[in-house]
Engineer: 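One structure follows; several queries about it will come next.
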Amino acid sequence: MVELRRDSVNVKIKELNSDIAHFRDLSITIGAITKETWVEPMGPTPYPSLTTLRSWDLKLLERYKPFYLPFCDLCCMCTYGKCDLTGNKLGACGISMAAQQSRTVLLAACIGASTHTAHARDLLTHLIERYGEDHPINVGELNVDIEAPLTRLVCGIKPVNLGDFEEVLDYCEKQLTQLLSVTHTGQEGNNLDFESKVFHAGMIDHVGMEVADIAQISALGFPKSDPEASLADLGLGTVDIKKPVILVIGHNVPPATEIIDYLKTRDLMSEAEVTGICCTALDMTRYSAKAKIIGPISWQLRYVRSGVPDVIVIDEQCIRADILQEAQHIHAPLIATSGKNCCGLPDRTHDVPDEIVADFVSGKITGALILDPVKVGEVAVRTALAIAPKREKHKLLPTHDELIKLAKKCTGCVLCRRACPNDLPISYAVKAAAQGNISGLDELYDDCVGCGRCESACPQKIPVHSIIVAAAEKKTRDESYRIRTGRGAIQDIEIRKVGGPLVLGEIPGIVAFVGCANFPKGSREVAEMCMEFAKRRYIVCTSGCSAISAGMYRNEEGKTAYEIYPGSFEAGGIVNVGSCVSNAHISGAAIKIASIFARRPLRGNYEEIADYVYNRVGAVGVAWGAMSQKAASIAAGFWRLGIPVVVGPHGTKYRRMLLGRSDKEQDWYVYDARTGEKVYGGPVPEHLFFAAETKEEAMVMVAKLTMRPNDTSKGRAIKLTNYIDLHKRLIGGMPHDVHLLVRKQADIPLTMKEDIEKILKEMEWTEHEIPDPTLLSRMIRKSKEA
Amino acid sequence: MVELRRDSVNVKIKELNSDIAHFRDLSITIGAITKETWVEPMGPTPYPSLTTLRSWDLKLLERYKPFYLPFCDLCCMCTYGKCDLTGNKLGACGISMAAQQSRTVLLAACIGASTHTAHARDLLTHLIERYGEDHPINVGELNVDIEAPLTRLVCGIKPVNLGDFEEVLDYCEKQLTQLLSVTHTGQEGNNLDFESKVFHAGMIDHVGMEVADIAQISALGFPKSDPEASLADLGLGTVDIKKPVILVIGHNVPPATEIIDYLKTRDLMSEAEVTGICCTALDMTRYSAKAKIIGPISWQLRYVRSGVPDVIVIDEQCIRADILQEAQHIHAPLIATSGKNCCGLPDRTHDVPDEIVADFVSGKITGALILDPVKVGEVAVRTALAIAPKREKHKLLPTHDELIKLAKKCTGCVLCRRACPNDLPISYAVKAAAQGNISGLDELYDDCVGCGRCESACPQKIPVHSIIVAAAEKKTRDESYRIRTGRGAIQDIEIRKVGGPLVLGEIPGIVAFVGCANFPKGSREVAEMCMEFAKRRYIVCTSGCSAISAGMYRNEEGKTAYEIYPGSFEAGGIVNVGSCVSNAHISGAAIKIASIFARRPLRGNYEEIADYVYNRVGAVGVAWGAMSQKAASIAAGFWRLGIPVVVGPHGTKYRRMLLGRSDKEQDWYVYDARTGEKVYGGPVPEHLFFAAETKEEAMVMVAKLTMRPNDTSKGRAIKLTNYIDLHKRLIGGMPHDVHLLVRKQADIPLTMKEDIEKILKEMEWTEHEIPDPTLLSRMIRKSKEA
Amino acid sequence: MPLAESWQTAEIPGPKKASLIIKPDIADAIIRRAKRPIMIVGYGAVEYEVEGIKLIECLIELANKGKIPVVVTASTAREFLNRGFSPAALMPAVDIGNRLTDPAWKGLDGKESYDLAIFVGLPYSMEWTILSGLKHFAPYLKTMTLDCVYQPNASWSFPNSTIKDWAANLRGIVENLGD
Amino acid sequence: MPLAESWQTAEIPGPKKASLIIKPDIADAIIRRAKRPIMIVGYGAVEYEVEGIKLIECLIELANKGKIPVVVTASTAREFLNRGFSPAALMPAVDIGNRLTDPAWKGLDGKESYDLAIFVGLPYSMEWTILSGLKHFAPYLKTMTLDCVYQPNASWSFPNSTIKDWAANLRGIVENLGD
Ligand code: SF4
Ligand code: SF4
Ligand code: SF4
Ligand code: SF4
Ligand code: SF4
Ligand code: SF4
Ligand code: SF4
Ligand code: SF4
């Protein structure tokens with residue numbers, strides 16, 4: 001089998017006559033024949049359409065039926081509306097509440113997947129322009145053979161050069177257009193079909209993310225599957241505020257890398273601070289570990305208002321929509337760098353840097369749109385250097401006295417609290433501050449997600465968020481941590497090493513902490529969860545804002561998670577894969593376990609791989625602060641692979657959970673691949689999408705959700721030990737469902753034998769077999785042999 | 001200049017050695033060199049990105065600032081929310097109410113444009129599979145040279161074969177993915193930049209529509225720019241209910257054409273009735289004028305409940321989400337034919353027709369998903385023929401006595417009326433019916449849009465909509481009209497003929513009645529408006545549900561609009577271009593006026609063409625019942641071309657209007673292309689997006705909006721005559737803004753001289769020059785010559 | 001019939017909702033307090049009859065007594081002209097709505113901004129959306145509706161009322177203003 | 001503090017909203033009338049103190065007197081166990097919510113469906129969404145919340161109250177039930 005690649009075979013034809021035309025000196029450059037050949041035959045579902053994997057989706061959805069949590073009683077999507085959907089009423093278009101909820105989820109998933117795909121497209125186009133379409137893909141030097149597991153699995157192609165990703169993105173864009181069209185009034189009428197399309201959007205999302213991250217790893221020299229990627233500084237306290245400070249916010253790293261290049265080539269790296277928030281920050285530290293991460297998305301207001309940044313550069317995604325005003329308040333020029341977020345600024349892309357810098361320095365303009373990363377690099381640095389000395393860190397946070405004075409204006413109307421997404425007791429704290437006691441405000445700082453809604457709500461125009469941050473000044477100064485920079489993919493050899501222990505259950509599971517910072521109680525809980533699972537020798541992965549949050553906490557010895565635990569994909573490792581788009585390496589790792597360890601055919605073979613992952617690989621995603629539409633599509637990509645996702649309490653706002661019913665025995669039958677019989681496999685994993693009320697509940701659920709029907713007895717015993725132990729410690733007492741999770745005597749952890757056997761007896765438990773589980777009748781070996 | 005085309009040049013190379021590989025018998029098929037060459041040089045903006053046309057958009061938006069009409073005080077798009085945006089509060093992401101409204105519009109426009117593009121993609125793929133990628137594009141035989149004005153204008157390519165459209169759709173899908181990503185939380189922060197992206201989505205939408213319609217015209221043999229396209233039957237009363245009846249609903253015509261083909265090849269056309277609702281119906285009559293159109297979208301419930309259809313075939317878009325239940329109620333099998341709308345049905349695509357038909361006839365299944373149009377054709381016909389004799393038209397509408405009995409259950413709670421989008425006085429009518437007088441219900445029928453919300457709302461479970469339809473039984477039997485089938489594009493020669501009169505103002509304007517049937521007072525108003533403007537010798541175009549509604553009314557002589565007025569693109573013509581995707585021919589006609597008549601360069605030259613259309617071509621779109629997200633994107637595509645759109649009162653639910661301020665003189669300055677000076681051009685066209693309260697207001701506004709700064713005095717006089725005349729008749733009295741619309745004495749219509757001069761004197765009016773208007777400084781000839 | 005719920009069940013407003021005009025005195029006081037009121041009358045004014053008297057006549061009386069300039073929308077002008085009343089402007093509802101959101105707009109007479117806009121007779125959902133536009137984008141302006149149904153996006157609205165109660169209320173307002 | 005508005009300002013519900021429990025008698029009557037009530041207690045129960053007494057103790061008294069099975073969510077179980085009270089189930093809130101939407105579910109004891117679900121102590125917005133799920137998808141079930149804030153998606157809710165009023169109300173309910 002040979003494979004066409006974009007390469008350098010050039011066919012020159014001196015003269016050609018055909019019926020249609022005559023031409024001379026025709027030169028045809030065609031893709032070359034790769035030396036490397038991909039012998040794997042094409043699987044059944046390359047480039048799947050909207051319906052190709054529908055039957056797989058419906059299998060999962062039969063077990064994990066949506067539990068709808070309408071966020072609004074109405075639909076307002078077209079001018080027939082608004083329509084009242086309470087009490088089984090149908091909309092003017094005939095839609096039911098159930099379908100409308102799933103439709104809304106599909107819309108969110110489309111927005112999320114489009115965001116990653118559009119980001120991948122811009123990034124790829126830029127990198128191809130800069131490095132050529134022939135620039136080779138390289139995610140892990142010689143340690144990685146399966147360079148793009150999702151692309152191979154979904155598209156059935158094996159990308160070699162950057163240019164090969166173009167058709168992958170073409171496919172993603174085509175599917176997303178199809179999917180979005182399904183949300184139009186008068187399209188899909190069935191809720192489960194909407195859900196199947198949500199899964200499709202999720203799968204596309206992971207492909208898009210994979211393209212984005214592989215492209216930037218390959219072209220920008222990010223760590224290549226490096227377990228020992230450097231540590232970088234993290235936190236407000238790490239910034240040297242005496243230097244000119246540049247702040248980058250967003251997800252698209254090229255402007256930031258150009259800023260670093262400009263500084264480096266002029267030997268100015270030590271003359272300025274390059275700081276970042278969100279994923280651009282994460283990716284920038286993959287480019288240079290000298291750059292600094294301030295914090296997750298929720299640090300935007302507090303950092304800007306500290307007055308520290310001299311120039312603010314935004315690219316795309318997760319940027320506060322009021323960033324221009326906030327920047328203007330501290331007199332920091334704002335540079336917008338993406339067509340996706342122009343902020344109403346004048347387009348200066350085609351002006352010479354001298355002029356733009358001069359206009360910034362003179363204050364003639366407060367912001368500019370510059371759609372050329374190289375120019376952004378120059379303008380940002382030169383402006384920061386020129387402006388910093390005269391700006392004097394225009395701080396917006398009140399002093400202690402000002403704070404007290406502001407607090408005295410409070411009438412106790414409680415509107416701030418009623419606006420706070422976390423229902424924080426703000427008005428009490430303000431009242432206390434009015435009497436000189438700011439400890440309440442200081443405490444709020446830890447739980448506050450920095451949304452600023454309290455301020456908008458305050459009729460007294462008290463800058464509530466600012467006084468919270470001001471009250472916690474000492475804390476902010478102490479925010480000084482270390483984070484391992486994003487390492488990218490997982491090496492094939494790591495997969496080989498952990499594949500057995502994972503599938504056999506010696507490693508209790510993979511727990512991935514991903515997504516945004518809409519935490520119910522601040523960043524700290526993520527760090528605590530990471531450490532607990534690493535200590536219990538799970539493989540812990542992190543990415544995005546959660547990767548940042550995971551590093552923002554020190555243990556008793558003053559160490560952060562990344563300093564205590566290794567960065568390798570192994571039991572007890574904490575693996576920061578990178579930014580949001582690096583999430584693809586986590587799903588990719590699960591796929592690689594099926595492919596490398598279990599040798600399942602990968603190419604265009606989605607169902608079989610997902611069936612494998614679902615029944616055998618004990619992976620769980622935790623998006624404790626899931627906020628965005630991207631979080632929705634990322635989760636959906638995990639679901640289709642059979643990987644459960646746990647979210648925080650705000651996650652109920654995603655309109656529905658996907659919950660299994662452990663009490664319905666009939667729901668948990670699987671085929672035994674050996675015999676073809678339908679046998680009871682047990683309620684594992686119990687849920688596909690689950691919102692926990694508290695961190696404790698989440699941790700116990702995570703431990704439970706790593707169980708899989710094919711766990712060996714040894715493996716199940718280890719998983720049960722963790723589950724029961726965490727339950728006892730965090731919730732109290734024995735869990736009530738042990739009897740559903742023990743299949744054979746040998747599953748029972750020795751240390752808990754007595755307690756468990758008591759329960760089993762009470763529940764009239766009997767042994768049942770451990771199947772070779774599959775949901776796919778075609779995977780039954782007997783029938784295959786027949 | 002030569003152009004590559006997909007054609008049949010085959011390069012065979014016996015053996016080739018390169019550094020990289022060695023291969024033998026390589027056969028390379030490449031696109032051929034077209035004989036026909038497109039000599040026009042490439043314009044400045046082929047394949048524009050998100051920002052390419054931003055400065056043009058901002059020029060328009062400076063004049064037509066959004067007037068926001070928030071449809072909800074909240075945002076609920078991410079889990080930070082819901083956010084309260086009242087009173088200048090910002091969301092947790094920092095967004096303002098203004099930006100949030102524009103963001104919502106962008107979301108709607110993305111959904112709309114995706115819907116057309118995804119439809120175009122499915123259609124194109126199907127037609128290429130069936131007819132080959134080399135199938136030539138043919139929209140008007142020899143009468144049309146500019147076959148695809150939007151594709152040429154936007155993409156800068158000249159498509160020749162079906163296959164050439166692939167890259168056009170690739171581009172659309174890429175842009176839509178980019179655009180949708182902008183709606184993600186934390187992207188664009190500026191309301192006007194959101195609006196610019198709305199325009200971009202609209203432009204993409206028109207390209208997608210063009211591809212769809214050209215593909216089907218070319219491959220399926222639809223009328224090719226034929227002013228004398230046949231007339232087809234329209235209305236419930238045209239169906240021979242003694243025959244087996246098939247109903248098709250949606251927008252994607254292949255299943256319907258296959259049904260017709262199956263009937264035709266077996267000589268069964270006269271044995272069965274093929275009826276349709278919405279755009280599939282329109283397109284099906286373009287395939288065979290023997291097919292029948294029942295009505296616009298709002299006829300779904302009433303027709304299905306009549307029990308007449310024996311088999312219902314749905315494809316995509318504008319299908320009631322409860323169609324499966326409604327079909328089941330009348331015991332009519334439902335066939336879903338699109339991956340976009342699977343209705344939860346079992347996938348029978350790969351089963352043999354015999355089995356599927358047998359399962360339908362035996363009642364084993366009530367619906368099936370069949371993703372193969374040919375198979376649908378066979379199954380639908382055979383099922384209808386087999387089932388019709390035993391089904392006996394299972395009618396769901398109550399008899400007169402049943403109706404009275406049902407009405408007696410009414411408690412007068414008024415919940416039906418409170419649920420009715422048109423606030424119809426339902427409860428009075430029901431009360432009267434309970435006393436035996438059904439005339440009130442009968443009257444409601446005319447205004448009712450058939451949404452069924454009254455039924456959902458009724459606590460007494462009275463089937464309110466059904467009793468309205470039952471009360472109007474006589475009317476429904478009389479619904480028997482004729483409609484001209486969709487003719488497709490406008491011929492180049494027609495453009496040449498009307499170009500001069502239009503631009504010079506002898507033809508007062510082009511008025512296009514497009515879009516859905518969310519009318520405030522039923523279908524009739526559209527028909528009345530069409531006739532009035534045709535009578536006044538405007539060029540009237542129709543499409544989609546409005547084209548259907550336009551035919552559902554007879555004048556005193558019993559004739560419908562299509563029987564009275566010719567189908568040619570000329571003064572007094574009523575031109576049904578076709579289905580929703582045929583809207584592209586209307587924008588295309590405006591573009592062709594600039595290109596063919598005014599010889600403006602077309603290729604990749606968007607701004608100049610739009611500037612021409614905006615300042616010179618008096619076209620106005622009317623979407624009186626605009627309902628959908630597609631309507632939003634269609635309108636946006638017109639806006640970017642500078643064509644104003646008028647919607648009905650429900651149109652205020654689109655979240656904002658784009659209104660000019662005729663009272664602000666400074667807003668209406670244009671460049672005079674002759675001198676480069678900025679001169680007053682007058683408040684024309686006054687608005688870009690306008691919702692009228694009543695039909696009368698709409699008509700007067702339409703007459704006003706056809707005015708353009710470059711109208712000749714003769715032209716302006718004709719337009720003023722129509723405007724003032726309509727104002728006097730429909731509103732009462734002289735309009736209050738005549739003095740703003742008269743530029744020179746010569747503009748004053750002779751017949752109204754006295755009245756107008758009185759006003760002019762009162763208002764201290766003075767003459768001003770008629771400029772050679774442009775918004776683009778680069779169009780100033782002086783500077784060009786310099 | 002619930003008093004202070006949107007007349008169209010699904011047109012749920014957010015946190016900011018109209019205060020109820022429970023008695024004509026309230027409306028009367030609001031109108032008296034306004035320095036620059038304006039009245040916007042839609043086509044419903046022609047269609048409604050209140051106890052034998054057309055709504056439009058009641059409105060003309062109100063405008064005359066209260067010296068309130070009237071903007072007539074849609075196709076309603078003739079009915080006013082026929083009754084010898086000259087509206088201050090004939091203007092579509094979205095146009096007057098748009099102007100009212102402009103803090104720099106000095107009114108139809110070019111003198112000063114309006115501080116109270118009284119709406120009556122627009123189609124319910126159109127009035128709902130236009131009042132929403134004003135609620136959000138004309139913070140300096142108070143709005144009132146005289147319709148017989150609750151309009152949550154106004155500053156003040158009648159409750160959902162029977163035609164009878166409504167007639168009494170309207171008459172009350174007109175009579176009070178006459179004082 | 002408005003009585004019957006969502007505690008979180010923006011969590012505006014649609015047309016269907018909770019009736020107010022203005023007096024303890026009302027809650028008492030509802031509980032008595034229920035054939036199969038169930039109580040779902042979230043982690044807030046541990047955090048709130050009502051006049052020196054922890055909310056959880058009040059709830060235990062209520063459960064005991066009313067013979068209401070208690071589902072304890074989140075990490076609240078220990079506090080019950082410590083007080084010698086055995087919850088009928090330890091189960092996440094979304095799980096019990098989900099089961100309650102299943103008309104075929106015969107309850108924790110497998111006997112019969114519940115007809116009243118009493119919620120208390122979940123995070124406000126999570127309780128809001130779960131009650132919304134039940135409002136829409138468990139039409140046969142009535143829901144009540146005992147929190148001190150208005151939950152519009154319940155069938156019955158207290159108004160937004162001061163801790164003091166709330167305490168009095170809760171005590172009232174418990175005492176009445178004791179009769
Ligand atoms: S769905 Fe959201 S935007 Fe629409 S009415 Fe409900 S809360 Fe408002
Ligand atoms: S999409 Fe359907 S439910 Fe939503 S507003 Fe339109 S008609 Fe109503
Ligand atoms: S900024 Fe913090 S305290 Fe203020 S509303 Fe947001 S989360 Fe609550
Ligand atoms: S909103 Fe402002 S005034 Fe009201 S309680 Fe909060 S801080 Fe005090
Ligand atoms: S984790 Fe969420 S908030 Fe953070 S950068 Fe990614 S998408 Fe944005
Ligand atoms: S997108 Fe912004 S305004 Fe909307 S819910 Fe999220 S944070 Fe609030
Ligand atoms: S079906 Fe007709 S009468 Fe009933 S609510 Fe809809 S438009 Fe009104
Ligand atoms: S909703 Fe039903 S009962 Fe109430 S007024 Fe209408 S028809 Fe009568």
Side-chain angles (χ1 to χ4, degrees), chain A residues 9 18 20-21 23 32-33 49-51 71-72 76 78-80 89-90 92-95 99 111 114-115 117-118 170 173-174 176-178 180-190 192-193 316-322 339-344 421 451 453 456 518 627-629 650 653, chain B residues 9 18 20-21 23 32-33 49-51 71-72 76 78-80 89-90 92-95 99 111 114-115 117-118 170 173-174 176-178 180-190 192-193 316-322 339-344 421 451 453 456 518 627-629 650 653:
Chain A
V9 168
S18 85
I20 295 163
F23 44 111
I33 303 301
S49 76
L50 289 195
T51 49
F71 201 28
C72 180
C76 60
C78 81
T79 81
Y80 277 140
K89 297 187 195 74
L90 303 178
C93 60
I95 206 163
I111 294 175
S114 287
T115 303
T117 301
D170 284 349
E173 289 157 353
K174 178 175 155 183
L176 287 169
T177 304
Q178 297 278 328
L180 183 61
S181 83
V182 173
T183 67
H184 194 279
T185 301
Q187 296 266 49
E188 186 58 75
N190 181 271
L192 293 186
D193 269 311
E316 59 169 84
Q317 301 167 51
C318 302
I319 297 154
R320 284 191 66 89
D322 55 353
K340 291 164 188 152
N341 183 356
C342 301
C343 271
C451 69
R453 281 204 328 220
S456 272
N518 191 15
M627 167 277 287
S628 65
Q629 297 84 13
H650 289 297
K653 298 175 189 166
Chain B
V9 168
S18 83
I20 296 162
F23 45 109
I33 304 303
S49 76
L50 289 196
T51 49
F71 201 25
C72 179
C76 62
C78 82
T79 81
Y80 278 140
K89 296 188 195 74
L90 302 178
C93 61
I95 206 164
I111 294 175
S114 287
T115 303
T117 303
D170 284 349
E173 289 158 353
K174 178 176 153 182
L176 288 168
T177 304
Q178 296 278 329
L180 182 61
S181 84
V182 174
T183 67
H184 194 279
T185 301
Q187 298 263 53
E188 188 56 77
N190 181 272
L192 293 186
D193 268 311
E316 59 169 84
Q317 302 167 51
C318 300
I319 298 154
R320 283 191 66 89
D322 57 351
K340 291 164 189 150
N341 184 356
C342 300
C343 271
C451 71
R453 281 205 326 221
S456 271
N518 191 15
M627 166 278 286
S628 66
Q629 299 83 15
H650 289 298
K653 298 176 190 167

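Letters A, B, ... mirror the listed sequences (proteins, then strands); counts begin at 1. Everything quoted here is computed from the prediction, not taken from an experiment.
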Engineer: Strictly distance-based, threshold 3.5 Å: is any side-chain N or O of A/T185 a donor or acceptor partner for the main-chain N or O of B/S628?
Structural biologist: no

Engineer: Testing the basics here: between A/Q317 and B/Q187, what is the closest heavy-atom pair and its distance to 0.1 Å?
Structural biologist: N-OE1, 2.7 Å

Engineer: Can you tell me how far the CG atom of A/N341 sits from the CG atom of B/N190, to the nearest 0.5 Å?
Structural biologist: 9.0 Å

Engineer: What residues form a side-chain contact (heavy atoms from CB on, under 4.5 Å) with B/K653, not counting sequence neighbours?
Structural biologist: A/T79, B/F71, B/H650, C/E11, C/S125, C/T129

Engineer: Considering only heavy atoms and a distance below 4.5 Å, find which of A/T177, A/T117, A/L50 pairs most often with chain B.
Structural biologist: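 Most heavy-atom pairs under 4.5 Å with chain B: A/T177.
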
Engineer: Between A/S181 and B/S114, what is the shortest heavy-atom contact and its length?
Structural biologist: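 The pair with the smallest heavy-atom distance is CB-O, 3.7 Å.
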
Engineer: Taking all heavy atoms of B/S456 and all of A/L90, pick out the closest pair and write down the distance.
Structural biologist: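 For B/S456 and A/L90, the tightest heavy-atom pair comes out as OG-N, 3.0 Å.
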
Engineer: Examine whether an atom of B/T51 lies under 4.5 Å from a heavy atom of chain A, and if so say whether it belongs to the side chain, the backbone or both; otherwise answer neither.
Structural biologist: side chain

Engineer: Which heavy atom of B/C342 sits nearest to which heavy atom of A/D193, and what is that distance?
Structural biologist: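 The answer is CB-OD2, 3.1 Å.
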
Engineer: Report yes or no: does B/E188 contribute a side-chain atom to a donor-acceptor pair with the main-chain N or O of A/C343 at less than 3.5 Å?
Structural biologist: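 Between the backbone of A/C343 and the side chain of B/E188 there is a qualifying donor-acceptor contact (under 3.5 Å).
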
Engineer: For the side chain of B/R453 and the backbone of A/C93, is there at least one donor-acceptor N/O pair under 3.5 Å apart?
Structural biologist: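 No: the side chain of B/R453 does not pair with the backbone of A/C93.
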
Engineer: Side chain from CB out, backbone as N, CA, C, O: work out which of these in B/D322 comes under 4.5 Å of a heavy atom of chain A, or both, or neither.
Structural biologist: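 For B/D322, heavy atoms of backbone and side chain both lie under 4.5 Å from chain A.
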
Engineer: List in chain and number order the residues that pass side-chain contact (heavy atoms from CB on, under 4.5 Å) with B/A99, two or more places apart in sequence or in another chain; answer none if no residue qualifies.
Structural biologist: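 Checked B/A99 against side-chain contact (heavy atoms from CB on, under 4.5 Å); matches are B/I95, B/S96, B/N191, B/F194.
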
Engineer: How close do A/A118 and B/Q178 get, heavy atom to heavy atom, and via which atoms?
Structural biologist: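 It is O-NE2, 3.3 Å.
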
Engineer: Between B/E316, B/R320, B/H184, which shows the greatest number of heavy-atom pairs under 4.5 Å with chain A?
Structural biologist: B/H184

Engineer: So which part of B/L176 gets closer than 4.5 Å to some heavy atom of chain A, the side chain, the backbone, both or neither?
Structural biologist: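 Contact with chain A is through the side chain of B/L176 alone.
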
Engineer: Is A/I111 close to chain B through its backbone or its side chain, or both, or neither, when contacts mean heavy atoms under 4.5 Å?
Structural biologist: both

Engineer: Sort out for me which of A/C72, A/G189, A/C318, A/A321 touches chain B most, counting heavy-atom pairs under 4.5 Å.
Structural biologist: A/A321

